[in-house]
Amino acid sequence: MNNGFDPFDTASLIVAHDDGNAFDAVVPPIVQTSLFTFKDYDDMVASYRGERVRPIYTRGLNPTVRMFEEMLAKLEGAEDAIGFASGMSAISSTVLSFVEPGDRIVAVKHVYPDAFRLFGTHLKRMRVEVTYVDGRDEEAVAKALPGAKLFYMESPTSWVMDTHDVATLAALAKAEGIVTVIDNSWASPVFQQPIALGVDLVIHSASKYLGGHSDVVAGVVAGSKDLIGRIRSEAYPYLGGKLSPFDAWLLIRGLRTLPIRMKAHERSARTVAERLQDHPLVETVCHPGLGNHLPPGLSGTSGLFSFIFHEGIDVRRFADHLELFKLGVSWGGHESLIVPGEVVLAQKAQPNSAVAFGISPRSVRLHVGLEGTEALWSDLEAAIAVASLG
Ligand SMILES: *Cc1c(COP(=O)(O)O)cnc(C)c1O
């Protein structure tokens, strides 16, 4: 389901932007300014009265940021979108716009660790209760929902790659009048369009695939005019996590190649995952695209997945013998990366969030980038061979 929008039709990503001030440039200018001036008193007062929409101050409205928001809304089949300074800013501003003390939210297990920490600290202090459910268990979700204010989903999750039947879960929440939110960073709008599946609000860490070049930290939330309007008038101006014009410009650049990058990540990652699955030293591969059918709602799979080694493999030797795969957190860029589960479990700050993330000590998370598949496979195969001699 994709709202009739073909995500592979890259031409449709190029939105009209020349307002007469852009010299017919094929790439839009960056409106890198904090404020906008007025012709005279009447012009200023008319703008303040809201008689016309025009930028006044960049935290409120900036043309470059707006262009990114409109492109992303179009890609997600949503009426509107707001850009943020990070994915976490998008998550916290969205959640905080819909809860009050005494409310309860329902969240799926294995959500992004900093979302988990937000729920366990700030929301707890606000006396907002969070009930975690296994999103794969529809009965458990249906039982947990009544009386909740918000249903927070992430599918697939980004370590163990749990996949949920997003349309079914969204319908359960809708029947209870509960606002639904999904973190769609993993699939990107190319492979999952949650609005068409009945979800109200779609969040991305734009630092991942939307940007795609590992040079920007940003976030975005898309949804109906009504719900986005609520976030725009509540948490967004006061929490202040504004997307900067330059970062919005980098994201506009990234979005132009999103469909072809996603296709390349998909093809390469699936090949690597299949070969790992057949490797005698690998116990399990967690990749949503390995069955005969894709999970419901997904039309493709991205470059991020994990696998678990058999016992006795020296993960440290494996990591240190890789050449193309770099050790690094995050994902979604052109480069291939690994994160060993042991390393994340060793972190000092709130290690319980790594446990809640579903990380096994023998697991390794891979992001398969845009390098050649065969070169990446040779790199992995050689490092596994060395690690098994340890
Ligand atoms: C990275 C990430 C986030 C947080 O985004 P930032 O841009 O780093 O703030 C949220 N959700 C998922 C699934 C992520 O991978």
Side-chain angles (χ1 to χ4, degrees), residues 65 68 72 76 81-96 107-122 135 152-164 166 181-192 194 199 201-222 235-236 239-244 246-248 250-251 254-255 262 265 269 286 288 298 301-306 328-333 335 337-339 341 344 347 349-350 353-354 356-359 365-369:
V65 174
F68 163 69
L72 196 280
E76 283 290 3
I82 314 180
F84 287 90
S86 68
M88 275 316 299
S89 180
I91 291 170
S92 55
S93 297
T94 299
V95 171
L96 291 171
V108 296
K109 278 203 306 199
H110 303 146
V111 293
Y112 182 69
D114 278 337
F116 180 84
R117 294 178 185 126
L118 169 77
F119 297 163
T121 55
H122 287 272
Y152 186 93
M153 293 181 263
E154 185 179 324
S155 180
T157 58
S158 64
W159 194 288
V160 285
M161 314 293 147
D162 287 343
T163 56
H164 308 139
V166 174
V181 180
I182 192 167
D183 182 334
N184 197 32
S185 305
W186 186 90
S188 91
V190 174
F191 292 140
Q192 182 163 260
V199 176
L201 290 164
V202 182
I203 290 175
H204 287 277
S205 167
S207 324
K208 312 294 163 53
Y209 289 124
L210 303 186
H213 295 69
S214 301
D215 51 12
V216 59
V217 169
V220 66
V221 55
Y236 175 71
L239 296 180
K242 176 73 187 182
L243 175 60
S244 81
F246 181 59
D247 287 346
L250 288 171
L251 293 175
L255 285 185
M262 294 311 292
H265 286 297
C286 306
L298 276 180
T301 53
S302 72
L304 187 77
F305 66 96
S306 66
V329 78
S330 192
W331 44 274
E335 75 286 12
L337 297 167
I338 68 149
V339 182
V344 182
Q347 74 185 48
Q350 302 190 37
S353 58
F357 202 26
I359 297 179
R365 190 176 76 176
L366 291 186
H367 180 250
V368 175

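Indexing begins at 1, ligand by ligand and atom by atom, following the structure's order.
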Next item on the list: Go through the steps to decide whether Phe246 and Val216 satisfy the test side-chain contact (heavy atoms from CB on, under 4.5 Å), and finish with yes or no.
Entry: CA-CA 9 Å; Phe246 181 59; Val216 59; over 6 Å; no
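Taking 4.5 Å as the limit, some side-chain heavy atom of Met161 sits within range of a side-chain heavy atom of Trp186.
When all heavy atoms are compared, the tightest approach of Leu298 to Pro156 is CD1-CG, 4.1 Å. Contact record, Ser185 with Tyr209: O-CD1, 3.6 Å, taken as the closest heavy-atom pair. Between Gly135 and Val108, the shortest heavy-atom distance links the atoms CA-CG1, 3.9 Å.
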Atom pairs and distances, ligand 1 N/O vs protein N/O under 3.5 Å:
unit_1	atom_1	unit_2	atom_2	d
ligand 1	5 (O)	Ser205	OG	2.9
ligand 1	7 (O)	Gly87	N	2.8
ligand 1	7 (O)	Ser205	OG	2.9
ligand 1	7 (O)	Ser207	OG	2.6
ligand 1	9 (O)	Gly87	N	3.0
ligand 1	9 (O)	Met88	N	2.8
ligand 1	11 (N)	Asp183	OD2	2.6
ligand 1	15 (O)	Lys208	NZ	2.6
ligand 1	15 (O)	Trp331	NE1	3.4

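Put simply, the side chain of His110 never gets that close to the backbone of Ser158: no donor and acceptor are under 3.5 Å apart.
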